[in-house]
Structure formats: C-alpha cells, structure tokens
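A, B, ... follow the sequence lines: proteins, then strands. Residue 1 opens every chain.
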There are 2 protein chains.
Amino acid sequence: MRIGQLAQLAGVETQTIRFYEQQGLLPPPDRQDNGYRVYTEKHGEGLAFIRRCRILGLSLAEIHELQSYQDDPHQPCTAVNALLDDHISHVRSQITALQALEKQLVSLRASCNDDREVEACGVLAGISEGNMHQQ
Amino acid sequence: MRIGQLAQLAGVETQTIRFYEQQGLLPPPDRQDNGYRVYTEKHGEGLAFIRRCRILGLSLAEIHELQSYQDDPHQPCTAVNALLDDHISHVRSQITALQALEKQLVSLRASCNDDREVEACGVLAGISEGNMHQQ
DNA sequence: TAAAACTATAAAGCTACTATAAGGTCAATA
DNA sequence: TATTGACCTTATAGTAGCTTTATAGTTTTA
Ligand SMILES: [Zn+2]
Ligand SMILES: [Zn+2]
Ligand SMILES: [Zn+2]
Ligand SMILES: [Zn+2]
C-alpha cells in the first residue's frame with residue numbers, strides 16, 4: 001500500500017503521514033526501488049491510533065509516551081491511566097478558563113447596544129478603561 | 001520613556017513591544033540619537049489596549065480590526081459589536097467542543113482501573129478499538 | 001507520446017510570542 | 001581610565017501540529 005492509499009483510508013493528507021514518520025510516531029516503512037514508501041496493515045493501525053489520540057486532544061508528546069507504554073505490554077498500566085487523568089485535568093482547566101472568559105465577554109458586550117458611534121461604543125470603552133475584573 | 005520602562009508598566013517583555021510594532025499594532029516611536037526607542041503616554045495606552053484585548057482572547061488580527069474602527073470614530077459601532085459577538089461564539093464553540101471531549105475522556109478513563117497490565121489496559125484498548133462516538 | 005496523477009525532499013508559513021546571539025550605549029565605579 | 005553592569009539594538013530560531021509551496025522524479029492514463 002502506498003502513501004496516498006493509506007492517507008485516504010485514515011482520512012489525512014499524505015504530508016501528515018510523512019510528518020508523523022519524521023516525528024517518530026510512525027515507524028519508517030520499507031521503500032520500493034523508486035523510493036516510494038510501502039505500508040502494511042500495522043502502519044494503518046498505528047496511524048489510526050494516532051488520529052484517535054489527536055481527536056481526544058492528546059499532544060504528539062503524549063501520544064509518544066503512550067506508544068512507549070505499548071512497547072512494554074507487561075508493565076502495570078498505572079502510567080497510562082495517569083496520563084489520561086492529567087489530560088482530563090488539562091481539558092477541565094481550559095474549560096474553566098474559557099467559561100470565565102465568556103462571562104467577561106458577555107458583560108462587555110452588554111455595555112453596548114448598536115446604533116452608537118465608535119466614539120461612544122461601550123465595548124471599546126470597556127476595553128480601554130480596563131475595568132475588567134481579572135481572573 | 002524607553003522600552004524597558006514601558007515594558008515594566010505594561011507587564012510585558014521588551015521583545016513583545018518590538019513584536020507588536022513589527023506587526024503594526026503599535027506605531028513606531030521616535031528614536032533617540034543612539035537609536036533607542038522613545039515612547040509617549042499614547043503608546044502606553046495603546047499597549048494597554050492590546051494587552052486587555054489579548055486577555056480577552058482576541059487575536060492580533062481582531063485587535064488590528066478594532067484599531068481600524070477606532071481610527072474612524074464617527075462610524076456606527078456595529079462592526080465592533082459584531083466582532084465581539086463573533087468572538088463570543090468562537091469561545092462558546094470551544095467550550096462546547098471541550099465539554100464533549102471531557103465526556104469522552106472520562107468515559108474512556110472509567111474503562112480502566114489501575115493494577116492492570118498495559119496489555120489489558122482499558123484506556124489503550126478503548127483508543128485502539130476506536131469505539132469513540134465522534135463529535 | 002504526452003498529459004495527469006502520484007511520489008519524493010526540503011523549506012517556508014501559520015500564531016503569538018519567547019529565547020538566543022552578537023553587539024552598541026551609557027552611568028557609575030575602582 | 002578601564003571596566004563592570006544595565007540597558008538598548010537587530011537578526012535569527014524555536015515553540016505545536018500541521019499546511020503550503022517549490023522543485024523534481026515516477027507511474028498511470030488517454
Ligand atoms: Zn494533555
Ligand atoms: Zn458598540
Ligand atoms: Zn476571536
Ligand atoms: Zn489502564
């Protein structure tokens with residue numbers, strides 16, 4: 001299987017596959033005489049794993065870490081679970097931060113109705129005057 | 001006022017100020033004979049405006065847009081308000097996406113207790129098997 | 001046979017900075 | 001006077017995760 005077909009199966013661009021190889025997330029495949037990469041089903045599974053991790057918001061470094069655990073199947077899986085716990089708290093703190101932000105933005109927006117001149121815009125005034133309760 | 005003092009007042013690094021100048025967000029200040037930048041209070045206000053926008057999560061492009069509205073103070077402020085509305089919906093959709101993500105991650109995490117081997121880890125199995133209800 | 005479609009590598013671009021390098025300027029000190 | 005230290009200058013590279021572009025070689029199709 002060549003790179004284009006693998007890309008189509010996985011729903012990614014060919015460059016993304018080469019990028020993952022370069023980053024050490026996909027093992028370098030064999031090459032044909034002309035230099036074309038030849039992929040096996042294993043590569044397909046590896047790529048699918050990476051993509052599902054990315055959909056879950058895991059960084060390439062976190063994926064790399066998961067892969068290193070997979071290479072040692074008889075270790076306890078504590079580290080895997082811990083990685084996920086950490087990631088969940090990443091996500092939760094992002095949510096919290098964004099919710100606080102949303103509140104600020106909504107209150108800022110409420111300080112202006114349309115049909116004003118820029119000079120009198122409540123939004124711009126709110127930003128300029130800096131009466132933003134931080135954090 | 002030189003760059004270091006302005007930086008301290010605004011709570012940013014000097015490089016950040018030069019960066020904003022380079023990006024066209026801060027007007028190029030006058031220079032002393034030795035080439036040092038000399039800032040006025042106007043620059044301080046401009047920088048404070050940018051920083052408050054950044055705290056609100058606005059991109060440099062959005063800030064640039066806001067500045068262009070400020071240059072035309074007698075226009076109606078509809079566009080300003082619209083920009084903020086757009087940004088609020090950016091933030092809201094990020095929140096929604098992250099909340100969905102959190103759900104997936106929590107359910108994935110629940111599929112494993114500690115004290116298993118990596119081979120039998122419910123988390124890794126959950127990712128590998130791809131039984132993730134997308135979006 | 002010639003164009004279309006595919007593959008290859010290398011390098012730049014994206015965001016919003018941050019960090020590093022290599023050097024010039026200035027006031028105070030030894 | 002020489003030197004230290006704090007400040008300033010520009011230019012360049014690094015961060016994350018790709019995407020885009022450039023340039024070129026190969027295979028497939030019309
Ligand atoms: Zn994470
Ligand atoms: Zn307004
Ligand atoms: Zn926005
Ligand atoms: Zn586990």
Side-chain angles (χ1 to χ4, degrees), chain A residues 1-26 28-39 43 46-67 83 86-87 90-91 94 97-98 101, chain B residues 1-26 28-40 43 46-67 86-87 90-91 94 97-98 101:
Chain A
M1 184 200 268
R2 295 194 313 199
I3 197 170
Q5 198 183 343
L6 177 63
Q8 201 173 15
L9 283 177
V12 300
E13 308 256 341
T14 55
Q15 299 100 312
T16 305
I17 296 175
R18 294 190 197 101
F19 173 74
Y20 288 153
E21 179 185 336
Q22 188 199 327
Q23 300 296 304
L25 292 172
L26 273 178
D30 287 341
R31 301 286 186 128
Q32 290 178 350
D33 292 344
N34 56 18
Y36 286 14
R37 292 171 174 82
V38 187
Y39 292 97
H43 289 97
L47 181 53
F49 181 83
I50 295 170
R51 286 274 85 198
R52 285 191 287 259
C53 286
R54 293 293 298 131
I55 288 169
L56 293 172
L58 296 169
S59 68
L60 300 192
E62 286 168 327
I63 297 171
H64 209 78
E65 206 180 323
L66 284 183
Q67 289 177 334
L83 188 154
D86 280 357
H87 186 61
H90 294 170
V91 170
Q94 283 184 59
L98 285 173
L101 190 55
Chain B
M1 185 200 269
R2 296 193 312 202
I3 199 169
Q5 198 183 342
L6 178 62
Q8 201 173 13
L9 282 179
V12 301
E13 308 255 342
T14 55
Q15 299 102 312
T16 305
I17 296 175
R18 294 191 196 100
F19 173 72
Y20 288 153
E21 178 185 336
Q22 188 198 327
Q23 299 297 302
L25 292 171
L26 274 178
D30 287 342
R31 302 285 185 128
Q32 290 178 351
D33 291 346
N34 56 18
Y36 288 15
R37 292 171 175 82
V38 187
Y39 292 98
T40 66
H43 288 98
L47 181 52
F49 181 83
I50 295 171
R51 287 274 84 197
R52 285 193 287 259
C53 286
R54 294 291 301 129
I55 287 168
L56 293 172
L58 295 169
S59 68
L60 301 193
E62 285 168 328
I63 297 172
H64 209 80
E65 207 180 322
L66 284 184
Q67 289 178 334
D86 280 358
H87 186 61
H90 293 171
V91 170
Q94 282 184 59
L98 284 172
L101 190 54

Side chains of Arg2(B) and Gln32(B) in contact at under 4.5 Å (non-hydrogen atoms):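 With C-beta onward as the side chain, the pair touches.
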Hey, does Leu60(A) have a side-chain heavy atom less than 4.5 Å from the side chain of Tyr20(A)?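 Of all side-chain heavy-atom pairs linking Leu60(A) with Tyr20(A), at least one is under 4.5 Å.
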Can you give me the first and the last nucleotide of DNA chain D (5' to 3') that has an atom within less than 4.0 angstrom of a non-hydrogen atom in chain A?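 Here the contact window of chain A covers dG17(D) to dT27(D).
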Please check the phosphate of dT9(C) (OP1 and OP2 only) for any side-chain N or O of Arg31(A) closer than 4.0 Å.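 Answer yes for this pair, as a side-chain N or O of Arg31(A) is under 4.0 Å from OP1 or OP2.
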Using every non-hydrogen atom in the two residues, find where Leu58(B) and Leu66(B) come nearest and quote the distance to one decimal.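 Shortest heavy-atom contact: CD1-CD1, 3.9 Å.
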Shortest non-hydrogen contact from Leu26(A) toward His43(A):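 In terms of heavy atoms, the two residues are closest at CD2-O, 4.0 Å.
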Length of the [atom1]-[atom2] vector between [X] and [N], whole Å:
| X | N | atom1 | atom2 | value |
| --- | --- | --- | --- | --- |
| Leu26(B) | dA16(C) | CG | P | 15 Å |
| Glu13(A) | dT7(C) | CD | P | 12 Å |
| Gln15(A) | dC14(C) | CD | P | 17 Å |
| Gln8(A) | dA5(C) | CD | P | 14 Å |

Tell me which of Gln5(B) and Ile50(A) sits closer to the 5' end of DNA chain D, going by the nucleotide each one is nearest to.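 Result of the comparison: Gln5(B).
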Flag if over 12 foreign heavy atoms under 6.0 Å of NE2, His90(B):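 Yes, the 6.0 Å shell around NE2 holds more than 12 heavy atoms from other groups.
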Tell me, yes or no, whether the heavy-atom count around Asp30(A) atom CG, taken from other residues, nucleotides or ligands under 6.0 Å, exceeds 12.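 Incorrect, the count does not exceed 12.
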Value rounded to 0.5 Å, distance of SG in Cys53(A) from NE2 in His64(A):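 It is 13.0 Å, given to the nearest 0.5 Å.
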Mind grabbing the angle between the end helix axes of the helix from dT1(C)-dA30(D) to dA30(C)-dT1(D)? Five pairs an end, 10° rounding.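 Axis angle across the helix from dT1(C)-dA30(D) to dA30(C)-dT1(D), nearest 10°: 40°.
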Listed partners of Arg37(B) passing salt bridge (charged side-chain N to carboxylate O under 4.0 Å, His left out), at least two apart: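 Applying salt bridge (charged side-chain N to carboxylate O under 4.0 Å, His left out) to Arg37(B) gives Glu21(B).
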Nucleotide N/O to protein N/O under 3.5 Å, stretch nucleotides 24-28 of chain C:
unit_1: dG24(C); atom_1: N2; unit_2: Tyr36(B); atom_2: OH; d: 2.9
unit_1: dT25(C); atom_1: O4'; unit_2: Tyr36(B); atom_2: OH; d: 3.4
unit_1: dT25(C); atom_1: O3'; unit_2: Asn34(B); atom_2: ND2; d: 3.4
unit_1: dC26(C); atom_1: OP1; unit_2: Asn34(B); atom_2: ND2; d: 3.0

Please report, to 0.1 Å, the donor-acceptor pairs under 3.5 Å made by any side chain of residues 6-17 of chain B, with sequence neighbours excluded.
none

Between the side chain of His87(B) and the main-chain N/O of Glu62(B), is any donor-acceptor distance below 3.5 Å?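 No, the answer is negative, given that no donor and acceptor are paired below the 3.5 Å cut-off.
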Any sub-3.5 Å donor-acceptor pair from Gln67(A)'s side-chain atoms to Leu25(A)'s backbone N or O?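 Pair found, side chain donor or acceptor close to backbone of Leu25(A).
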Minimum-distance nucleotide (side-chain atoms of Arg37(A) versus dC17(C), dT7(C), dT9(C)):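 Closest nucleotide to the Arg37(A) side chain: dT9(C).
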Scan residues 16-25 of chain A against DNA chain C and write down, sorted by residue number, each residue with any heavy atom closer than 4.0 Å; if none is found, say none.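 Per residue number, the list reads Arg18(A).
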